[in-house]
Protein chains: 4
Amino acid sequence: MESKVGRPRSERAREAVLHAVDDLLVEVGYAAVTMKGIAERAGVSRQTVYRWWSTKAEILFEASAADAEEELAVPPTGDTLGDLTTYLQALINFLANTHAGAAYRALIGEAQHDPEVAQLLAGKDILGDSARTVLARATPDHDLDDASARLIGPVFFAIMSGRGPSRLDPQELARRFLA
Amino acid sequence: MESKVGRPRSERAREAVLHAVDDLLVEVGYAAVTMKGIAERAGVSRQTVYRWWSTKAEILFEASAADAEEELAVPPTGDTLGDLTTYLQALINFLANTHAGAAYRALIGEAQHDPEVAQLLAGKDILGDSARTVLARATPDHDLDDASARLIGPVFFAIMSGRGPSRLDPQELARRFLA
Amino acid sequence: MESKVGRPRSERAREAVLHAVDDLLVEVGYAAVTMKGIAERAGVSRQTVYRWWSTKAEILFEASAADAEEELAVPPTGDTLGDLTTYLQALINFLANTHAGAAYRALIGEAQHDPEVAQLLAGKDILGDSARTVLARATPDHDLDDASARLIGPVFFAIMSGRGPSRLDPQELARRFLA
Amino acid sequence: MESKVGRPRSERAREAVLHAVDDLLVEVGYAAVTMKGIAERAGVSRQTVYRWWSTKAEILFEASAADAEEELAVPPTGDTLGDLTTYLQALINFLANTHAGAAYRALIGEAQHDPEVAQLLAGKDILGDSARTVLARATPDHDLDDASARLIGPVFFAIMSGRGPSRLDPQELARRFLA
DNA sequence: CCATAAGCGAGACGGTACGTCACGTCTTTGG
DNA sequence: CCAAAGACGTGACGTACCGTCTCGCTTATGG
């Protein structure tokens, strides 16, 4: 429950920070994004940033989660192969070409050696959720965790390992998944 | 060509650094490993560390690459399903349970936002190479890049995304891969 | 001119602030007394503190001035040496052992580098006034400023310079003053 | 014992800091002197300032102690009244008109509420020492502490309490001291 | 009796200095 | 020429307090 007393949180400041972190990620890269830099870019005091977020990972997550979910939502058409293909295409595009995707890759990277970031991501499994949503209406397979790892894995590995998305064929991957 | 004059590089210092980085990775985690800390732990001057390596990623890569290759080498038995299962089991163990695996996950994470680390990893694709070696003698599939992504991907995603190795069944994954 | 309309100033808040600053001075020392700390200790909003006082020096002065005057008032007995001795004893005790004295020393210290505090103290010369009062009825000396400096000075210096009150002998000082 | 290895301390940095603190004291006043400001003014890193001094009080003390001692040294002439008068004149001038004197007043002020500053000053009692030196050759009085307090006190109080040096007559004070 | 006015608490805001840490470089002694 | 030691400038860290600002609520006075 939010307090009713005291000066209310500035929506302007909140948005400025989220936009700033997004801009900075693109301009200077994740490693060079700093809390100080975010504050200055947003025209907000450092204290205000710390008041609402503990780490740059938290800000980045809040800034990209909504985009990510939207990007990975695929409307059902009844055509299973088509839906999976569309989903994989969206996934490839998200991870390889969007700001939110770059943020997401950076966060997963940080999570490998920062438990707090790992916990942050564990709270909302955007990739897994999107895959499970698509799979729930596409297959009789009831172990959705397992199935989602098999669906996402090849794309995820190809992009995260640095070989890039160019040789990925979503339709072929979808076909093999259903085989 | 290496210079013949002057004091030769100290082999003692080199090994001390590599051991130090390995120890520190276990003790304090990747994020808390610093060049300063490595130098102090190794009993070596900071300048000496910088003389031979640019970043902690380089040291870590050098320190863990050999371990990684050994860990992922699977002797051929002629049994395709068995070999793939053994390989996936080794891969799961490597990524989830070994020091070298933790280092490798950290490096892949860094590579998402640090081009120098990305290039470092691109120079020696340990995961892909190991998979291709196993696949070359196991399947008629000639697109080994594609096949390796499909083989490694599910395991890689499951572990990197934080859901852990516990629910992974290497034999089931190998069977589905061959289907 | 004070306004007649609106909510009147809270006497409760005023007293709470003065008590808080007194308590804090004893507990954490002058340097660690902050406007924020005073407000919290008094159970009063920071705004309210700022509404009535500009600095912690002002609050401290208001909180200790009355105590100081009382502490340094010496009733005349007709015995000049006795009165001066009594006064010097009171002065030693005030500066070295009382809360108000500690506050006063702190304020004089601040006044050395803060013109506003200097002006605050200039408005009411508590030490000088008390000495002049005693001297006016004790000596034919008509330059009371001069005489008060000679009377107070040795005690003041001994305590302010950190050597402490232990070796001060008020009667001996009084005798020498009258010589 | 100082280490012989490693880069030696920069004399240039040391002097720049001492000059900076002196300049700043005059320009902005003690309260507004900050470690950050000193570093910037000296063209030196903050880290370097902290490496050699803990507080601005320490820097100020080091910067002004030598000046202070020089300022308060009075050559003996054999004329007791004359020497004391000269000394008191020098004391008045030091406390009221010199940079080092302003620094010294500020430090004594801080010492009233900062135990570390108090200890710093206790280590070298510049005022007391100078008075004792003059008194040792001027009077048969063997309690030099006591005598120095009586000598310095009136001047010290007059200046510290804010009434200023204008009405002080060193010869008259010396005469009364000897009476 | 209700409108106006000021005081009150709470708490967010933009600032600025704090003292610490690691960075990568530079400068010395000594092998 | 290399190694060690360690000081250097740089710049981000997270915290504290500064003094100001909005809020909604509480008292008072006076039409």
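By convention in this document, chain letters (A, B, ...) are assigned in the order of the sequence lines, proteins followed by strands, and residues within each chain are numbered from 1. Because only heavy atoms are used, hydrogens play no part in the values below, and waters and symmetry mates are left out as well, while side chains stay in.
If you check every strand for non-hydrogen atoms under 4.0 Å, C:R14 touches nothing.
Following rounding to the nearest Å, C:R12 (CZ) and E:dG7 (C1') show an atom-to-atom distance of 12 Å. Whole-Å rounding puts the A:D114 CG to F:dC13 C1' distance at 15 Å. F:dG11 atom P lies 12 Å from atom CD of D:E40, rounded to whole Å. Summarising the geometry, the separation between CH2 on A:W53 and C1' on F:dT15 is reported as 19 Å, rounded to the nearest angstrom. Taking atom CZ of D:R9 as the reference point, atom C1' of E:dC26 lies 18 Å away to the nearest angstrom. Put simply, CZ on D:R51 is 17 Å from P on F:dA5, counting in whole angstrom units. Taking atom CZ of D:R41 as the reference point, atom C1' of F:dG9 lies 19 Å away to the nearest angstrom.
Within the 4.5 Å cutoff, the side chain of A:R105 has no heavy atoms near those of the A:Y30 side chain. You'll find the side chain of B:W52 stays beyond 4.5 Å of the side chain of B:E58, heavy atoms only.
By the 4.0 Å N-to-carboxylate-O rule, B:E62 lies close enough to B:R14 to be salt-bridged with it. Ion pairing between B:E40 and B:R46 fails under the 4.0 Å rule for side-chain N and carboxylate O. Ion pairing between D:R41 and D:E27 holds under the 4.0 Å rule for side-chain N and carboxylate O.
Each of A:L121, A:L60, A:V117 was scored for a side-chain contact (heavy atoms from CB on, under 4.5 Å) with A:E110, with one residue passing: A:V117.
Contact between the side-chain N/O atoms of A:W52 and the OP1/OP2 oxygens of E:dC13 is found at a separation under 4.0 Å. Contact between the side-chain N/O atoms of D:T48 and the OP1/OP2 oxygens of F:dG9 is found at a separation under 4.0 Å.
Side-chain proximity of C:S45 to F:dC8, E:dG9, E:dG14: nearest is E:dG9.
Other residues, nucleotides and ligands contribute at most 12 non-hydrogen atoms within 6.0 Å of the CD atom of B:E116.
Of the residues near DNA chain E, A:E11 and C:G43, the one whose nearest nucleotide (by heavy atom distance) lies more toward the 5' end is C:G43.
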Heteroatom pairs (N/O) under 3.5 angstrom, protein to nucleotides 16-24 of chain F:
| unit_1 | atom_1 | unit_2 | atom_2 | d |
| --- | --- | --- | --- | --- |
| F:dA16 | N7 | A:Q47 | NE2 | 3.4 |
| F:dC17 | N4 | A:Q47 | NE2 | 3.0 |
| F:dC18 | OP1 | C:M35 | N | 2.9 |
| F:dC18 | OP2 | C:M35 | N | 3.4 |
| F:dC18 | OP2 | C:K36 | N | 2.9 |
| F:dG19 | OP2 | C:Y50 | OH | 2.7 |
| F:dG19 | N7 | C:R46 | NH1 | 3.0 |
| F:dG19 | O6 | C:R46 | NH1 | 3.4 |
| F:dG19 | O6 | C:R46 | NH2 | 2.9 |
| F:dC21 | O2 | A:R7 | NH1 | 3.1 |
| F:dC21 | N4 | C:Q47 | NE2 | 2.4 |

